[in-house]
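No hydrogens, no waters, no symmetry mates; every other heavy atom, side chains included, goes into these values. In what follows, chains carry the letters A, B, and so on, assigned in the order in which the sequence lines appear, proteins first and then strands, with residues in each chain numbered from 1.
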Protein chains: 2
Amino acid sequence: MDDAGALKAFAALAGADRLAIVKLLVEAGPDGLNAGEIARLLGAAPSRASFHLSTLAETGMVSATKQARTVTYRIDFAVMAGLVQFLMEDCCKGAPQVRDCCG
Amino acid sequence: MDDAGALKAFAALAGADRLAIVKLLVEAGPDGLNAGEIARLLGAAPSRASFHLSTLAETGMVSATKQARTVTYRIDFAVMAGLVQFLMEDCCKGAPQVRDCCG
DNA sequence: CTTTCATTTCAACGATTCTTGAATTAACGT
DNA sequence: ACGTTAATTCAAGAATCGTTGAAATGAAAG
């Protein structure tokens, strides 16, 4: 991930609704969740959920696939991993305190 | 790091100036950099650098120590590590693809 | 073909954030 | 004391972002 991608990803994660959506999608696993369920779980109007889902999708952290009327969103762990790697390597220059933080 | 701290940290990293500051401070290492040098390296007015340094300091990712007239800023790797850990564990629930992303 | 359902798009408004330059605080050298 | 330097604070305006409800798209069901 490059600087521009990381900036977009950080901006996307810097919102309570969007962070909650990411967590929901991580929990949901490979099946993902459709837009309506996400809005309901979030307690947000569909238009609001859709707005936030779009900005998350723009970062690549979540992907959208349309089947008939419903759009299913899924977490993309590869992009999440790219962001973690950006933090550790590009941002923190591989500092051991950061690199070894999780076992 | 809790949700609220992570949200603040992500918001802070979601700005080109502030991301650049973090990188500068990582490069600078334990000696850190003072506010004036940061503003100069950034090509920004002192007030602008100070503004961004404050919001970074609020997240704990950088610390400020005042010696006479000059304020030295340093990166706090423990907090950066906390953010990485938040991403891997809280956010991605320890998914292997993310956890193993860096070797 | 009409209705219904899932979702997105749009426009308007309010809220937040960013930038700039001037004013301020505080410490230093003369 | 005086001027200078380092840094922050402040106020004003510009720019960006988030929320809301209504309208639009597009697919399924009757």
Practice task
Have a look at B/A35 and say if it touches a base, only the backbone sugar-phosphate, or nothing, with a 4.0 Å heavy-atom cut-off.
Solution key: sugar-phosphate
[X] side chain N/O closer than 4.0 Å to the phosphate oxygens (OP1, OP2) of [N]?
X	N	result
A/N34	C/dA6	no
A/H52	D/dC17	no
A/Y73	C/dA6	no

Look at the side chain of [X] and decide which nucleotide, out of [options], has an atom nearest to it.
X	options	value
A/R18	C/dT9, C/dG21, D/dG18	D/dG18
A/V71	D/dT8, D/dA6, C/dT7	C/dT7
A/S54	C/dA27, D/dT8, C/dT9	C/dT9
A/R69	C/dT4, D/dG18, C/dT9	C/dT4

Problem - Approximate separation, where rounding is to 0.5 Å, of A/T59 OG1 and A/F10 CZ - result: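 Between atom OG1 of A/T59 and atom CZ of A/F10 there are 11.5 Å.
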Exercise for the section: Could you tell me whether B/D2 and B/K8 have a side-chain N and a carboxylate O separated by less than 4.0 Å? Expected result: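 A salt bridge is absent here (no side-chain N lies under 4.0 Å from a carboxylate O).
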Problem - A/A11 or A/K66, whichever maps to the more 5' nucleotide of DNA chain D - result: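 Nearest-nucleotide comparison on DNA chain D picks A/A11.
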Exercise for the section: Look at the side chain of A/R48 and the base of D/dT19, then say whether one donor and one acceptor between them are separated by less than 3.5 Å. Expected result: no
